[in-house]
Structure formats: C-alpha cells, structure tokens
Asker: 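So that we are looking at the same thing, I have put the structure below in structure tokens.
When reading the values below, keep in mind they use all heavy atoms of this one structure, side chains included, and skip hydrogens, waters and symmetry mates.
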Protein chains: 2
Amino acid sequence: MKHSSSGKDEEKKARKSAPVRLKDIARDMGLSTVTISKVLRGHSDIGEETRKRVLKRMKEMHYQPNFAARALITGKTWTIGLVVPDLLHPFFAQVAKSISAEIRGQGYCLMITSSEEDPELEQQEIDQLLARRVDALLIASAQWTVESFRRIEERKIPYVLIDRKFAGLGANFVGVDDELVGILATNHLIERGCRRIAHIRGPETSTALGRAEGYRRALAEHSLPAIPGHILSIGSSGDDRGEPGGFEATRKLLAFKARPDGIFCFNDPVALGAMRAILGAGLRIPQDIAVVGCGNVLYSDFLRVPLTSVDQDSSAIGKRAAALALSLVGAKGTVRPKTELVVPRLIVRESTLRNQK
Amino acid sequence: MKHSSSGKDEEKKARKSAPVRLKDIARDMGLSTVTISKVLRGHSDIGEETRKRVLKRMKEMHYQPNFAARALITGKTWTIGLVVPDLLHPFFAQVAKSISAEIRGQGYCLMITSSEEDPELEQQEIDQLLARRVDALLIASAQWTVESFRRIEERKIPYVLIDRKFAGLGANFVGVDDELVGILATNHLIERGCRRIAHIRGPETSTALGRAEGYRRALAEHSLPAIPGHILSIGSSGDDRGEPGGFEATRKLLAFKARPDGIFCFNDPVALGAMRAILGAGLRIPQDIAVVGCGNVLYSDFLRVPLTSVDQDSSAIGKRAAALALSLVGAKGTVRPKTELVVPRLIVRESTLRNQK
DNA sequence: CATGATTGCGTAAACGATAACTCAGCCCAA
DNA sequence: TTGGGCTGAGTTATCGTTTACGCAATCATG
C-alpha cells in the first residue's frame with residue numbers, strides 16, 4: 001500500500017525528476033529509511049519477507065545510492081586516483097586500461113590525471129585527488145623529490161608507486177625489474193656479436209638508473225670495456241622528448257671515433273629516434289648497428305626496421321598495482337610496504353638480426 | 001586567540017590526523033562556520049579585514065574542502081565522466097588527454113572508463129557514472145541502440161557524444177567530418193592515378209558509414225565505377241580487431257579478379273593489416289597498390305612503408321568536446337543540441353607516393 | 001530623532017545516507 | 001510468574017557544507 005509523499009518532496013520530484021532516495025522507498029512502503037538502508041547493505045537485522053519486498057521495490061523504482069552522502073558518513077568514496085606522466089604513451093595507456101579493468105568489478109571508479117611529465121603539475125593533481133578523498137592513489141611519478149609522497153602519508157591514504165620508484169621511500173611499488181631489462185637487452189646484443197655497445201639512457205629516474213646499471217653489469221660480466229662516452233642521456237626534460245632525444249644522442253654516437261655496433265635504448269621512442277639517425281646516415285640496421293628498445297609498443301613489428309624490444313608486461317603491472325592498492329584499502333592497520341617486480345621479456349625482431357657470435 | 005576544541009574532536013584529530021574542516025578553522029578563530037564558508041566562496045557578506053584573516057589562516061591550516069559534503073548539498077560533483085571503447089587506441093588516448101587538460105584548469109576531475117567495445121559493459125559504466133552524479137558525460141559509444149542515452153536524458157545530465165554519432169538522437173556531438181575524410185582519402189588516391197579503388201570499412205557506426213559515403217561520392221564525382229565487391233567490412237566486432245580484420249579483407253581483395261590498385265582503409269590499424277597482406281603477397285606499396293589510412297597514429301611515419309593517413313585532429317576533438325560539456329554544465333535551461341565537426345587533414349606519405357595522373 | 005537601509009556576522013535546517021542505540025514482542029527456561 | 005535472550009523493526013545523532021533567514025550595529029535620510 002502506497003503512502004502519499006509530503007508536498008515538498010512531491011514538488012521537487014516534478015521539477016527536476018530527482019533520483020529516488022531511500023526516503024522515497026521507505027515512504028512508499030510504509031517502512032523507515034533505516035530499514036531500507038539495512039536491506040541495501042545486507043544487514044542480518046531484517047526479516048526475510050521484508051527484505052525481498054524491499055529489494056523488489058528498489059529495483060522497480062531504479063534506486064541508485066547517492067555516493068556523496070555515503071562518502072560523507074563512511075569516509076569511503078569508492079574511487080581510485082591514478083596519476084601518469086602521459087596518457088598518450090602506450091605504456092601508461094595500457095597500465096591505465098588494466099587498472100581500470102581490475103577495479104571495475106569491485107565497484108570502484110578510476111580518476112585519471114596526467115602530469116605531462118611536470119613535477120609541479122603532478123603535485124597539484126595529487127592534491128586535487130587527495131582533496132577528493134580517493135580511497136587509494138596510484139602514481140607513476142615525474143617527481144624529483146619525495147615531498148609530495150610525505151603529504152600523502154600524512155593523510156594516511158594508501159598509495160602505490162608505478163614504474164618509477166624512489167630510494168629512501170618506504171612505499172609500495174609495482175614495476176618491472178629494470179636492472180634485468182638492461183641485462184637482457186645488453187646480453188642479447190653481446191650474443192649477436194656486438195662488441196662496442198652504447199646505451200642511450202633516460203632522465204634521472206629509477207627506471208633509467210636501473211636499466212643503465214643492468215647495462216653496465218652485463219658488459220662487466222662479459223669482460224667488455226665500458227667505453228667512455230658510450231653512455232649518453234636524452235636529457236632531463238622527461239620522457240616526452242624521447243624520439244628527438246634519441247635522434248640527437250645517436251648522431252653524437254655516430255660521430256664518435258669508436259662508433260658503436262649496438263645500441264641499447266632506454267625505451268622504444270628513443271630507439272625510433274636512434275634508428276632514424278642511423279638510417280639517415282646511410283648505415284644499415286642491424287648489419288652496421290643493432291638496436292634494442294624497451295616497452296614493446298604497438299606496431300613495433302611493422303616499423304621500417306622491426307624493433308627488438310624488451311617487453312615490460314604493462315598489463316600485468318597495472319593489474320598487480322590495482323590489486324595491491326585494493327588490498328591496502330581493505331587492510332586494517334598500517335601494512336609493511338611491498339615491492340612487486342614484473343619480469344621483463346625480450347622480443348627479438350629484425351633490428352638485432354645479425355651474425356651470431 | 002585560539003579557542004579550545006571539544007574533547008571529542010580533539011580525540012579524533014589525534015587518532016587519524018583527519019583533514020581540517022571549516023568547523024576547525026571557525027573554532028580556531030572564534031568565528032562561526034558559516035563565516036568561513038562564505039569567505040571560501042567569496043561571498044560579499046564578509047568584512048574585508050575578516051576575509052583576509054580567514055584566508056590566511058585557511059592556508060596555514062591547509063584547508064581542503066570536502067567534496068562529498070559539498071556535492072551532497074549543491075548537487076555538483078565537479079567531476080566529468082568519459083567513456084571510451086579502448087584507452088589503448090591512440091585516438092581515444094589523445095582525446096582523453098586533451099579533455100583532461102581542458103577541464104583541469106576549471107577545477108574538474110575526469111573519471112575515465114573503458115567499454116572495451118562492448119555495448120553491455122558500456123551501459124554498466126554509464127550507469128555507474130550516473131550513479132556517481134557526474135556533472136557531464138562524454139561518450140565515444142559502442143552502442144547499437146539509443147536506449148542508454150535516453151536514460152541519461154531522463155536524469156537531465158548533459159552529455160556529449162564523441163567520434164560516433166547516432167541518427168535520430170538529438171544529442172550534442174563533436175567529431176570529425178567523416179564524409180570529408182572519405183572524400184579526402186579517395187580523391188587523393190584518384191589523383192595519384194588509382195582507378196580501381198577499394199574500401200575496407202568499419203563496423204556499423206556513424207564513423208564507418210560516413211567514410212564509406214564519402215568514398216562513394218568521390219568515386220561518383222570522378223565518374224569512376226563502384227566495382228561490386230570493392231567495399232569490404234572488417235566485421236561487426238568493433239574496432240579492436242582492426243589489424244587482423246584489415247589483413248583478411250585485403251587477402252580477399254587480392255584474390256579478386258579486378259585487383260584494386262588503391263585501398264582506402266577505415267583507420268590506421270586496418271591499414272596496417274592491409275599493408276601486411278599486400279607485402280606478404282609479394283606486391284609493392286604504393287607501386288602496385290596504394291594505401292590510405294585514417295587517424296594518423298603515432299609513428300606512422302616510421303612504418304615499413306610510411307602510411308598516408310587522414311588526420312582527425314583528435315586533440316581538437318577532445319578540447320572542443322570538453323568545452324562544450326562545460327558550457328552545458330553552466331547553462332541554465334535546456335540548450336539546443338549542438339554538432340561540432342572538426343575538419344580532417346590529409347597527411348601524405350610514402351604509401352601513396354606513386355605516379356601522378 | 002525616528003525610520004529605513006546597509007553591513008557583517010550568526011542560527012537553524014537542510015542534503016542523503018549510516019552508526020549506534022532503543023525497544024516492543026515473542027519464546028523459552030527456571 | 002519472572003527474567004533473559006532473540007528477532008525485527010524504529011529513533012536519533014552525525015558526516016561537512018551550504019542555504020535561507022535573522023538580527024544587531026552602524027549609517028544615512030528626511
């Protein structure tokens with residue numbers, strides 16, 4: 001039996017076709033708001049028959065809970081924040097995609113913001129997400145300092161670093177084993193007979209440092225000399241100038257007296273720039289110079305010279321980062337920070353297809 | 001002069017270092033909550049001297065408004081929802097990126113969800129975003145029907161369709177002029193001397209229809225015959241199988257008695273598949289068959305054969321869609337739906353570099 | 001000098017939901 | 001008959017802000 005609504009609510013409904021509230025259902029069924037709320041949340045307090053009736057009526061009236069009201073009292077927003085340096089970069093796009101897929105089923109939504117590789121902008125975006133009280137934060141950071149992370153910690157909001165980590169910061173981290181990336185790539189070049197292997201490294205991030213370290217270790221283990229000037233950097237302005245950076249760095253390498261016969265590039269865009277420079281100078285890939293990239297971006301098998309690349313399994317990184325974040329949200333007290341390393345995999349293509357050792 | 005807090009709030013602060021509230025500032029300064037709130041929103045009600053003092057103290061105490069509380073009473077979430085078929089697709093990634101950049105400055109955040117080209121999932125995601133009361137919705141839809149849009153309209157939430165539009169739906173739309181895309185591409189092939197031009201079209205979306213129509217019109221205007229069987233489709237399963245779809249379609253075209261000498265492909269992934277098939281069959285691009293794609297994706301100038309492509313200016317699409325959405329949020333009553341078409345631009349590369357007419 | 005407007009701030013009641021109690025009725029054992 | 005424990009509801013306060021008023025004090029006006 002229906003009960004009539006009060007005049008005020010009636011008017012409001014007519015004016016703006018407002019969404020139904022618990023109160024509306026309660027009045028409609030002659031029950032109290034709390035009873036409806038309890039049914040909604042599966043409280044054991046409610047009689048079986050009442051529960052069924054309410055559930056049915058809720059469906060009929062197309063009830064959808066008001067997240068704002070809920071968040072206000074429970075403190076939970078059912079929202080995860082993600083900050084990436086560049087959404088256009090296939091690596092981060094894939095990470096975002098798999099995070100989204102992972103949390104979707106658990107009822108969470110994803111707020112994505114891009115820092116455009118700008119530390120200051122990243123700070124702002126983090127603040128914005130904190131102000132919105134996201135339940136957890138996933139960050140592929142372009143920072144130099146750890147200041148903004150301290151701020152997150154103050155707020156006691158769980159966060160997970162993706163791809164790039166920070167020394168001296170006891171934070172959760174999910175990313176690829178960068179040293180292994182460097183080793184894999186460099187070992188492969190060595191196996192293919194390269195003896196003067198250069199490395200074009202990225203800016204001052206953990207990622208770049210790790211890969212460079214792996215490169216050095218691989219050379220050392222094969223007793224190959226680390227030729228001075230064979231490690232170049234694309235500069236500090238971030239990932240975005242990867243291609244031009246790779247191009248310029250390679251031009252310098254080509255002018256070098258001991259011209260390299262293999263180049264391990266920080267990532268695929270850099271490798272593209274490198275290949276452009278090599279081919280532009282009239283040299284052949286891989287006969288004169290072999291090239292390895294990292295990231296295994298889309299279409300890298302259909303490039304002018306199909307590119308050998310180290311796959312970071314970005315999809316797994318996203319998935320595991322999301323799962324880790326969700327577990328932190330559910331956790332009671334403070335949990336010991338966890339580091340999860342994904343194992344990289346070498347994808348061999350034409351850019352290193354030369355005479356074996 | 002500071003006033004002491006009540007025991008209860010004190011305890012809470014200590015336990016979880018809760019964010020400061022208006023109440024905290026008010027008590028701290030011996031003012032009322034409302035006064036602080038008014039200062040925050042720039043009400044003209046407050047004396048100049050008080051305003052300055054409050055503003056200063058707010059900064060000092062690192063006040064950040066609680067969005068949930070605000071949303072609860074004002075109905076505004078300062079959140080925009082975006083639904084795309086696939087974040088990994090560079091087109092949508094770029095659109096997302098520029099939307100994000102456009103709304104950032106206005107204080108909005110972006111909730112991004114991916115439908116994975118699945119209409120049912122898209123419905124769910126739209127519902128989810130509606131339940132969260134986003135201020136506006138941007139959708140690049142994978143739907144067949146207009147049902148879910150009706151639902152959005154019921155809720156009176158402004159929405160803008162991106163890239164794909166629907167006949168018979170009076171909705172806001174921002175996308176490329178698809179017919180012009182088809183004309184541009186086909187005319188170009190004709191100018192380059194192609195006479196048997198095939199088209200590999202996309203699934204049943206407005207985008208695919210428009211491009212196919214442009215293709216037909218261009219042929220007709222040059223009095224070229226529309227050879228039966230020269231229009232193939234990659235199938236209905238969406239954009240994601242672009243590359244294999246293009247490959248298979250092209251294999252069929254190659255087996256055709258009147259083998260085409262030019263192919264206009266629905267998009268770049270399809271074009272990649274097509275090129276793979278052509279080269280795999282031992283034919284040359286563009287000498288035997290010229291290829292045009294659409295989308296002008298990253299690195300398409302460094303492919304095995306650099307690909308001529310129609311640029312959709314996805315960045316402009318995102319920017320204008322965002323601006324349109326924001327204007328709708330601000331608008332008072334119902335506004336007449338607006339359609340904004342971005343003008344496509346042909347980027348000529350090697351895949352069509354053959355003897356001119 | 002009384003009246004009315006203006007300035008500057010405070011009070012109380014929402015917004016929609018949940019948390020923490022309370023409480024009536026019933027059953028059962030002592 | 002009394003008391004204790006369930007069961008299945010309802011009451012009330014609260015989350016942090018905003019909205020709509022209320023109301024002194026000051027100022028101008030005739």
Side-chain angles (χ1 to χ4, degrees), chain A residues 3 5-9 11-13 15-16 18-55 58 61 63-78 130-133, chain B residues 3 5-6 8-9 11-13 15-16 18-54 58 61-78 131-133:
Chain A
H3 293 231
S5 333
S6 87
K8 190 174 176 188
D9 283 341
E11 180 199 356
K12 181 173 175 190
K13 211 164 193 170
R15 228 184 44 238
K16 231 239 160 180
V20 299
R21 302 154 297 173
L22 288 186
K23 198 200 284 189
D24 299 318
I25 304 179
R27 194 155 29 216
D28 178 272
M29 302 186 66
L31 291 168
S32 85
T33 314
V34 177
T35 305
I36 315 293
S37 172
K38 283 178 178 168
V39 170
L40 183 63
R41 286 169 299 143
H43 242 254
S44 64
D45 248 21
I46 307 297
E48 193 50 38
E49 203 242 350
T50 311
R51 166 192 315 290
K52 276 184 187 158
R53 271 177 55 227
V54 170
L55 244 27
M58 264 178 29
M61 297 180 72
Y63 173 75
Q64 282 185 316
N66 184 318
F67 276 80
R70 212 175 245 192
L72 184 54
I73 193 149
T74 64
K76 216 182 147 161
T77 56
W78 292 93
L130 286 178
R132 285 166 183 269
R133 314 286 202 276
Chain B
H3 293 229
S5 332
S6 88
K8 190 172 177 187
D9 282 342
E11 180 198 359
K12 181 173 177 189
K13 211 163 194 171
R15 231 189 36 242
K16 229 235 162 186
V20 299
R21 302 155 296 173
L22 288 186
K23 199 199 284 190
D24 300 319
I25 304 179
R27 195 155 27 216
D28 180 89
M29 302 187 66
L31 290 168
S32 84
T33 312
V34 177
T35 304
I36 315 292
S37 172
K38 282 178 178 166
V39 170
L40 183 62
R41 285 168 301 143
H43 240 255
S44 63
D45 246 22
I46 306 298
E48 191 51 37
E49 203 243 350
T50 312
R51 165 190 317 288
K52 275 183 188 160
R53 272 177 53 228
V54 170
M58 264 177 31
M61 298 181 71
H62 295 112
Y63 173 76
Q64 282 185 315
N66 183 316
F67 275 79
R70 209 176 246 189
L72 182 54
I73 193 151
T74 64
K76 215 180 147 163
T77 56
W78 292 93
R132 285 166 184 269
R133 314 286 203 277

Asker: Under 3.5 Å, which protein N or O atoms sit close to an N or O of nucleotides 7-10 of chain D? Give each pair with its distance.
Answerer:
unit_1 : atom_1 : unit_2  : atom_2 : d
D:dA9  : OP1    : A:Thr50 : OG1    : 3.3
D:dA9  : OP2    : A:Gly47 : N      : 2.9
D:dA9  : OP2    : A:Thr50 : OG1    : 2.7
D:dG10 : OP2    : A:Ser32 : N      : 3.0
D:dG10 : OP2    : A:Ser32 : OG     : 2.9
D:dG10 : OP2    : A:Thr35 : OG1    : 2.2
D:dG10 : O6     : A:Lys38 : NZ     : 2.8

Asker: With rounding to the nearest 0.5 Å, note down the distance linking OG1 in A:Thr35 to CD1 in A:Ile25.
Answerer: 12.0 Å
Asker: Rounding to an integer number of Å, can you tell me how far A:Ile73 CD1 sits from C:dA19 P?
Answerer: 7 Å
Asker: Rounded to whole Å, please give me the gap between CZ in A:Arg70 and P in C:dA19.
Answerer: 10 Å
Asker: Name the nucleic acid region contacted by B:Phe67, choosing base, sugar-phosphate or nothing; use a 4.0 angstrom heavy-atom cut-off, strictly under.
Answerer: nothing
Asker: Closer than 3.5 angstrom, by distance alone: can the side chain of A:Thr33 be matched with the main-chain N or O of A:Leu22 as a donor-acceptor pair?
Answerer: no
Asker: Which atom names give the shortest non-hydrogen contact between A:Ser32 and A:Ala26, and what distance separates them?
Answerer: C-CB, 3.7 Å
Asker: Atom CZ of A:Arg41 and atom P of C:dA17: how far apart are they, to the nearest Å?
Answerer: 11 Å
Asker: Nearest-Å distance, CD (A:Gln64) to P (C:dA17)?
Answerer: 11 Å
Asker: For C:dA17, does either OP1 or OP2 sit under 4.0 Å from a side-chain N or O belonging to A:Tyr63?
Answerer: yes
Asker: To the nearest Å, how far apart are B:Arg27 CZ and D:dG16 P?
Answerer: 11 Å
Asker: In whole angstrom, what separates B:Lys52's NZ from C:dG8's C1'?
Answerer: 16 Å
Asker: Give every residue pair that meets the side chain to side chain donor-acceptor pair (under 3.5 Å) criterion with at least one member in residues 63-74 of chain A, sequence neighbours excluded.
Answerer: A:Gln64-B:Arg155
Asker: Check whether more than 12 heavy atoms from other residues, nucleotides or ligands sit under 6.0 Å from atom NZ of A:Lys52, and answer yes or no.
Answerer: no
Asker: Nearest whole Å is fine: how far is C:dT18 C1' from A:Lys23 NZ?
Answerer: 15 Å
Asker: Scan the side chains in residues 43-51 of chain A for donor-acceptor partners under 3.5 Å anywhere in the protein, sequence neighbours excluded, and list what turns up.
Answerer:
unit_1  : atom_1 : unit_2  : atom_2 : d
A:Asp45 : OD2    : A:Lys38 : NZ     : 3.1
A:Arg51 : NH2    : A:His43 : O      : 3.1

Asker: Tell me whether the side-chain N/O atoms of A:Arg21 come closer than 4.0 Å to OP1 or OP2 in C:dC15.
Answerer: no
Asker: Using a 4.5 Å cut-off on heavy atoms from C-beta on, say whether the side chain of A:Met58 contacts that of A:Arg53.
Answerer: no
Asker: Starting at CG of B:Asn66 and ending at P of D:dT17, how long is that distance when rounded to a whole Å?
Answerer: 5 Å
